[in-house]
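Notes follow once the structure below has been shown.
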2 protein chains.
Amino acid sequence: MAKSGEILSKLTEQGYRITPQRMMILDAIENAEDHISAEEILTLVCLQYPNVNISTVYRTLELLKQLGMVTETDFGDGRVRYHSIKKGRHHHLVCQKCGGIVDMEESIFNPVKETLLEQYGFDADIHHMAIFGYCKKCR
Amino acid sequence: MAKSGEILSKLTEQGYRITPQRMMILDAIENAEDHISAEEILTLVCLQYPNVNISTVYRTLELLKQLGMVTETDFGDGRVRYHSIKKGRHHHLVCQKCGGIVDMEESIFNPVKETLLEQYGFDADIHHMAIFGYCKKCR
DNA sequence: ATTATTGATACAAGGACTTGCAGTTGCATA
DNA sequence: TATGCAACTGCAAGTCCTTGTATCAATAAT
Ligand SMILES: [Zn+2]
Ligand SMILES: [Zn+2]
Ligand SMILES: [Zn+2]
Ligand SMILES: [Zn+2]
């Protein structure tokens with residue numbers, strides 16, 4: 001399990017700078033109880049330092065995604081949510097009727113990933129997906 | 001293979017109306033060469049009747065999605081694209097480096113769908129997905 | 001130390017949808 | 001034909017996110 005320190009050194013290694021904004025944003029994601037939205041991150045960060053802009057949040061999230069530290073998922077409610085890779089890998093099942101969301105183990109896509117590699121030579125990047133459908137009691 | 005007539009009668013069956021706007025929008029999607037965006041649909045429709053609004057296009061697309069006549073896919077270029085189910089079911093592999101997009105057979109998710117049904121009782125709605133990753137020559 | 005260079009930020013404007021609403025259209029019953 | 005009702009549309013405003021730009025900060029070169 002990577003520590004925040006590792007993430008920050010990974011930034012410097014690649015020529016990125018460690019700024020107070022980035023530290024606060026990363027902190028907000030890692031300490032979040034649940035999957036967190038950009039607006040929620042901004043609110044938390046602004047408690048510490050009120051002049052941070054939402055565009056900085058989005059740009060930092062883009063950076064953390066590229067570095068593989070954070071995943072982005074659309075649960076279908078009009079805003080995207082973020083999750084630290086440190087807090088475990090998984091996917092979600094989202095019921096289109098009752099709105100229920102349940103966790104799903106990451107290994108479920110292994111057969112698909114293998115097939116894609118064999119048949120298409122494609123290295124699929126399947127992380128923290130939201131699969132839509134109907135749950136047991138709604139279908 | 002469903003004809004447009006069937007789609008239109010499916011609308012009336014469920015209490016929806018067949019309006020000129022809806023007919024033109026459906027026509028644009030079904031006659032499109034490729035996966036088409038809302039803005040492109042609007043442009044085509046406005047050639048016939050110039051006063052159609054983009055919100056009508058989006059509302060009609062939402063309706064056609066609900067009826068299972070049209071799929072919506074985000075290829076990661078900032079706008080969502082639509083595809084008529086009449087023109088065949090498939091998924092796509094999108095390379096995050098070269099941007100290449102290749103078709104993929106629909107059956108690839110069958111093992112996942114079966115597992116979800118058995119283990120979670122979840123009826124997954126997996127249609128016209130875009131899977132991101134790296135293609136043979138880019139990885 | 002001083003200057004150049006590059007990176008990062010805040011702000012504002014823009015793009016892709018979505019939503020609220022008032023007005024219109026089409027259908028049903030009388 | 002008139003009246004009521006529900007579906008639909010266009011318009012405008014709003015939301016979420018992205019992008020251009022001038023300014024500011026940190027590192028590198030002089
Ligand atoms: Zn999750
Ligand atoms: Zn449900
Ligand atoms: Zn397709
Ligand atoms: Zn490629």
Side-chain angles (χ1 to χ4, degrees), chain A residues 7-29 35-46 48-67 70-83 130, chain B residues 7-29 35-46 48-67 70-82 96 130:
Chain A
I7 298 174
L8 298 179
S9 64
K10 195 169 184 176
L11 280 172
T12 45
E13 272 169 32
Q14 305 203 15
Y16 297 110
R17 291 180 192 158
I18 297 169
T19 65
Q21 289 91 334
R22 284 178 178 169
M23 277 167 52
M24 290 188 291
I25 290 165
L26 183 57
D27 215 52
I29 300 168
H35 307 78
I36 189 171
S37 73
E39 204 65 42
E40 288 165 349
I41 292 168
L42 182 70
T43 303
L44 288 173
V45 168
C46 282
Q48 292 183 255
Y49 175 66
N51 282 53
V52 176
N53 195 270
I54 189 71
S55 63
T56 300
V57 174
Y58 281 113
R59 282 194 261 240
T60 300
L61 288 168
E62 183 60 34
L63 183 60
L64 295 173
K65 272 192 288 169
Q66 276 176 29
L67 295 173
V70 160
T71 57
E72 179 191 81
T73 309
D74 180 2
F75 292 101
D77 64 340
R79 85 198 51 200
V80 164
R81 289 175 191 281
Y82 300 86
H83 185 250
Chain B
I7 299 175
L8 298 179
S9 64
K10 196 169 182 176
L11 280 171
T12 44
E13 273 170 31
Q14 307 204 13
Y16 298 109
R17 292 185 190 153
I18 297 169
T19 65
Q21 288 92 334
R22 284 178 179 169
M23 276 167 51
M24 290 187 289
I25 290 165
L26 184 58
D27 214 52
I29 300 168
H35 308 77
I36 190 171
S37 72
E39 203 64 43
E40 288 166 347
I41 292 168
L42 182 69
T43 303
L44 288 174
V45 168
C46 283
Q48 292 183 253
Y49 174 67
N51 280 54
V52 176
N53 194 270
I54 190 70
S55 63
T56 301
V57 174
Y58 281 113
R59 282 193 267 235
T60 300
L61 288 168
E62 184 59 36
L63 182 59
L64 295 173
K65 272 193 289 170
Q66 277 176 28
L67 295 173
V70 161
T71 57
E72 178 191 82
T73 308
D74 179 3
F75 291 101
D77 66 339
R79 85 199 51 203
V80 164
R81 290 175 190 281
Y82 300 86
Q96 284 169 319

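Computation of the quantities below employed the complete heavy-atom set of this structure, encompassing side-chain atoms and omitting hydrogens, waters and symmetry-equivalent molecules. Every value quoted in this text rests on a predicted model; they were computed, and no experiment measured them.
To the nearest angstrom, P of D:dA7 lies 17 Å from CD of B:Glu13. Across the protein-nucleic acid pair, A:Ile36 atom CD1 and D:dC17 atom C1' stand 17 Å apart, rounded to whole Å. Protein atom CZ of B:Arg81 is 9 Å distant from nucleotide atom P of C:dC17, rounded to whole Å. For the pair A:Met24 CE and C:dA8 C1', the interatomic distance rounds to 13 Å; values are reported in whole Å. For the pair A:Gln14 CD and C:dT6 P, the interatomic distance rounds to 19 Å; values are reported in whole Å. Nucleotide D:dC11 holds its C1' atom 14 Å from the CD atom of B:Gln21, rounded to whole Å. Computed from coordinates, the A:Arg79 CZ to C:dT18 C1' distance equals 12 Å when rounded to whole Å. When the P atom of D:dC8 is taken as reference, atom CG of B:Leu11 falls 8 Å away, rounded to whole Å.
Checking the phosphate oxygens (OP1, OP2) of C:dG26, no side-chain nitrogen or oxygen of B:Arg17 falls inside 4.0 Å. Contact check, B:Tyr58 against C:dT18: no side-chain N or O comes under 4.0 Å of OP1 or OP2. For the OP1/OP2 pair of D:dG10 and a distance below 4.0 Å, the side-chain nitrogens and oxygens of B:Thr56 include at least one atom meeting the criterion. Applying the 4.0 Å criterion to OP1 and OP2 of C:dT9, one finds that A:Ser55 has every side-chain N and O outside that range. At the phosphate of D:dA26, neither OP1 nor OP2 sits under 4.0 Å from any side-chain N or O atom of A:Thr19.
Closest contact between the side chain of A:Tyr49 and the listed nucleotides D:dT9, D:dC11, C:dA10 involves C:dA10. Distances were taken from every side-chain heavy atom of A:Val80 (C-beta onward) to each of C:dA10, D:dC17, C:dT6; the shortest belongs to D:dC17.
Where B:Glu39 and A:Pro20 meet DNA chain C, the nucleotide closest to each residue was compared, and A:Pro20 sits on the side nearer the 5' end.
B:Leu26 pairs in a side chain to side chain contact (heavy atoms under 4.5 Å, CB included) with only one of the listed residues (B:Ile41, B:Leu61, B:Leu64), which is B:Leu64.
Checked by distance alone, A:Arg59 brings a side-chain donor or acceptor within 3.5 Å of a matching partner on the base of D:dG20.
Between the CG atom of B:Leu11 and the CG atom of B:Leu63 there is a distance of 5.5 Å, given to the nearest 0.5 Å.
With respect to the salt-bridge test (charged N to carboxylate O, under 4.0 angstrom), the residues A:Lys65 and A:Glu62 qualify. Using a 4.0 Å cut-off between charged side-chain N and carboxylate O, A:Arg81 and A:Glu72 make no salt bridge.
Within 6.0 Å of the CZ atom in A:Phe75, the count of heavy atoms belonging to other residues, nucleotides or ligands exceeds 12.
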